[in-house]
K.L.:
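Once you've had a glance at the structure underneath, I'll fire off some questions.
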Protein chains: 2
Amino acid sequence: MKTNKLASVAEEAEAPPVGANARRSAATRARLVAAAIEILQRDGYAATTTVRVAQEAGVSRGAMLHQFPTRADLIIAVADHIVRTQDRARRRELRGVARGEARFTAITGVVWNTMQQPESMALLEIMLGSRSDPELSARFPAVMRDLERQLAAGPVEVGDDIGIGDHELIEAMTRLHLAAMRGLMIDRLFTNDDAKTQKAFELLVWYKSLIVDRMLGR
Amino acid sequence: MKTNKLASVAEEAEAPPVGANARRSAATRARLVAAAIEILQRDGYAATTTVRVAQEAGVSRGAMLHQFPTRADLIIAVADHIVRTQDRARRRELRGVARGEARFTAITGVVWNTMQQPESMALLEIMLGSRSDPELSARFPAVMRDLERQLAAGPVEVGDDIGIGDHELIEAMTRLHLAAMRGLMIDRLFTNDDAKTQKAFELLVWYKSLIVDRMLGR
DNA sequence: TACACTACAAGCAGTCTTGACTGTTTGTTT
DNA sequence: AAACAAACAGTCAAGACTGCTTGTAGTGTA
């Protein structure tokens, strides 16, 4: 039985590839993924064509097709990369925060921080764009389920720590807050006023503190 | 000086076209817009090609090109139609609610109701999809500004009525709530569990009631 | 060193999409 | 009713996008 690469990789940092060929492959793939993210967040899903990605990455079309036989393969790789990278970033950032209520509160800010990255806009573009492609709409939801599991696990665990045992409520809260942040990303595309976006986010944080007070009977 | 058609039309219902040609035009345009909305919400922006829209509408390509010379013209017409239609729907629904705190609370539900319509998903697709097209990204933001004005006006006015005079707070609240609802629309694409979406929305309503209590010193 | 394999390069074919063009039918006006 | 305008129908050409194919350089292993 072969080892399940995807399942194990989520926990620890990416293992650096060994061997010259493996390094070359990894470098090429990384450049393509980075270029795709850049174009996705800047120009959107429809503008993210294979030709433009290869150009932006400085990679020949042949090399690209060798690494990612189809466009769907590239998009899935991009999505998967974003999900895994951001999960690591969130864990790293949260590691410095003491367990208990401080961590429960901090989670919102940590997720918000990752939302500021261009990767988040790229992922959002894929979320909506993938619907137009039968192959992607078949493969992409699995990536989203991974993401949802990652995002739900933390709050539920920390909620238990501080005495909020209602998992359904915590899950709804996580869902709502994530939705609000995604919505604010979209909103920002048209308002172009970071102060307003920031104020809306701070309101969300205030909401959360009110609810925690209420849940803990204060 | 010519009358400004766009400015006046927002307030009252659409005037029915007079004359056979005008009726034919209006009918053709309506069918194309409806077909575009259907495809947008079902298959996404990239799949909404001019050929497919014409087919779905049962309209020849020639007729389509006569009514909407370019694809951007069609998309803008769709967005504009959605914004105006939903504004009327919200006003109509809100008309039956007494002024004061009841109306302030009701606004959230009314907006949520319009979010359930396929038109909202279509508009969301346009929001992200338009970024890929230079012409659309030039023309579309104006439509969004209209929408934002519509959505902000109500809460500010009703907020004054019930003694919440902090316009900036009301605006941030409106922005956050709208963002949350948009986010929940996206979330629903991948969770496929309306109960969870509903629970998250109810949490948002609870949030709002807590904040109102706090603002009114209760 | 010989050989197989991996990674890359570049051109090509088929398909799709958009917008333009020509001609026809239907409506309007005088 | 005659002349004009508007709406519609169907075809065509240019360009773009994806994926395939053939050929080349670099790498690993015996």
Side-chain angles (χ1 to χ4, degrees), chain A residues 16-33 35-36 39-40 43-78 125-126 129-130 132-139, chain B residues 16-33 35-36 39-40 43-78 125-126 129-130 132-139:
Chain A
V18 61
N21 263 348
R23 266 198 305 277
R24 267 212 304 175
S25 273
T28 302
R29 294 172 71 93
R31 275 159 65 188
L32 286 167
V33 167
I39 300 177
L40 276 169
D43 300 327
Y45 183 85
T48 308
T49 67
T50 56
V51 176
R52 286 194 61 181
V53 170
Q55 280 177 344
E56 174 100 12
V59 165
S60 76
R61 262 190 64 58
M64 172 178 221
L65 239 60
H66 179 71
Q67 299 294 346
F68 302 107
T70 74
R71 190 183 116 101
D73 291 324
L74 171 66
I75 299 292
I76 290 291
V78 168
E125 286 282 347
I126 296 177
S130 66
S132 300
D133 184 331
E135 188 179 344
L136 275 177
S137 45
R139 294 171 61 184
Chain B
V18 60
N21 262 347
R23 265 198 307 277
R24 261 206 315 172
S25 272
T28 302
R29 293 171 71 94
R31 274 158 67 186
L32 286 167
V33 167
I39 300 178
L40 276 169
D43 300 328
Y45 183 85
T48 308
T49 67
T50 56
V51 176
R52 286 194 60 184
V53 170
Q55 281 175 345
E56 175 100 13
V59 166
S60 76
R61 256 185 77 54
M64 172 179 221
L65 240 61
H66 178 72
Q67 298 294 345
F68 301 109
T70 73
R71 189 184 116 103
D73 291 325
L74 171 65
I75 300 293
I76 290 292
V78 168
E125 287 284 346
I126 296 177
S130 66
S132 300
D133 183 330
E135 188 180 343
L136 276 176
S137 46
R139 296 171 61 184

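Sequence lines set the chain letters: A, B, ... in the order given, protein chains first and strands last, and positions in each chain run from 1. Basis for what follows: all heavy atoms, side chains included, without hydrogens, waters or symmetry-related copies. This one's a predicted model, so the numbers in the text were calculated from it and none came from an experiment.
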K.L.:
Check whether any side-chain heavy atom of A/Leu136 lies under 4.5 Å from a side-chain heavy atom of A/Ile76, and answer yes or no.
P.N.:
yes

K.L.:
Between P on C/dA9 and CD on A/Gln55, what's the gap in Å once rounded to a whole number?
P.N.:
14 Å

K.L.:
For A/Arg52 and A/Ala35, indicate whether the former's side chain and the latter's backbone hold a donor-acceptor pair under 3.5 Å.
P.N.:
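Checking the backbone N and O of A/Ala35 against the side chain of A/Arg52, no donor-acceptor pair under 3.5 Å is found.
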
K.L.:
Quick one: A/Glu56 CD to D/dC17 C1', roughly how many Å, whole number?
P.N.:
18 Å

K.L.:
Could you tell me how far apart A/Arg71 (CZ) and D/dA16 (P) are, to the nearest whole angstrom?
P.N.:
17 Å

K.L.:
Please answer whether the main-chain N or O of A/Gly58 pairs with a side-chain N or O of A/Arg31 as donor and acceptor at a distance below 3.5 Å.
P.N.:
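Answer holds: yes.
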
K.L.:
Specify the separation, in whole Å, of atom CZ of B/Arg52 and atom C1' of C/dC16.
P.N.:
12 Å

K.L.:
Whole Å only: how far is the CZ atom of B/Arg23 from the P atom of D/dC8?
P.N.:
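Spelled out: CZ on B/Arg23 to P on D/dC8 is 13 Å.
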
K.L.:
Within the structure provided, determine whether B/Phe68 and B/Val33 are in side-chain contact (heavy-atom separation under 4.5 Å).
P.N.:
yes

K.L.:
Select one nucleotide: of D/dT18, D/dG10, C/dC8, the one nearest the side-chain heavy atoms of A/Arg24.
P.N.:
C/dC8

K.L.:
Taking N or O atoms only and anything under 3.5 Å, show me the protein contacts with nucleotides 20-22 of chain D, one pair per line.
P.N.:
none

K.L.:
Please report the distance, rounded to the nearest Å, between CD1 in B/Ile75 and C1' in C/dT18.
P.N.:
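So the CD1-C1' distance, B/Ile75 to C/dT18, works out to 13 Å.
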
K.L.:
Does B/Ile75 reach the side chain of B/Glu125, with side-chain heavy atoms less than 4.5 Å apart?
P.N.:
no

K.L.:
In whole angstroms, how far is the C1' atom of D/dC17 from the CG atom of A/Asp133?
P.N.:
13 Å

K.L.:
Of all the choices, D/dA7, C/dA7, C/dT18, which nucleotide is nearest to the side chain of B/Gln67 once you look at every atom?
P.N.:
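When the side chain of B/Gln67 is considered, D/dA7 is the closest of D/dA7, C/dA7, C/dT18.
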
K.L.:
Using the side chain to side chain donor-acceptor pair (under 3.5 Å) rule, take B/Asp133 and B/Ser130 through it: C-alpha gap first, then chi angles, then the decisive distance, then the call.
P.N.:
CA-CA 5 Å; B/Asp133 183 330; B/Ser130 66; over 6 Å; no

K.L.:
Between C/dA7, D/dT18, D/dG10, which one does the side chain of A/Thr28 approach most closely?
P.N.:
C/dA7

K.L.:
Counting only side-chain N and O atoms of B/Ser60, is one of them less than 4.0 Å from OP1 or OP2 of D/dG10?
P.N.:
no

K.L.:
Check the distance between C/dT6's P and A/Phe68's CZ and give it to me in whole angstrom.
P.N.:
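Taking CZ of A/Phe68 and P of C/dT6, I get 17 Å after rounding.
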
K.L.:
In Å, rounded to the nearest 0.5 Å, how long is the span from CD of B/Gln67 to CG of B/Asp73?
P.N.:
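One finds 11.0 Å between CD of B/Gln67 and CG of B/Asp73.
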
K.L.:
In the structure I gave you, are the side-chain heavy atoms of B/Val51 and B/Met64 within less than 4.5 Å of one another anywhere?
P.N.:
no

K.L.:
Which nucleotide sits closest to the side chain of A/His66: C/dC8, D/dA7, C/dT18?
P.N.:
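Out of C/dC8, D/dA7, C/dT18, the nucleotide with an atom closest to A/His66's side chain is C/dC8.
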
K.L.:
Taking side chain to side chain donor-acceptor pair (under 3.5 Å) as the definition, give me every residue that meets it alongside A/Ser137, ordered by chain and number, with sequence neighbours left out.
P.N.:
none

K.L.:
For the helix from C/dT1-D/dA30 to C/dT30-D/dA1, measure the angle between the helix axis at one end and the axis at the other, each built from five pairs, rounding to 10°.
P.N.:
20°

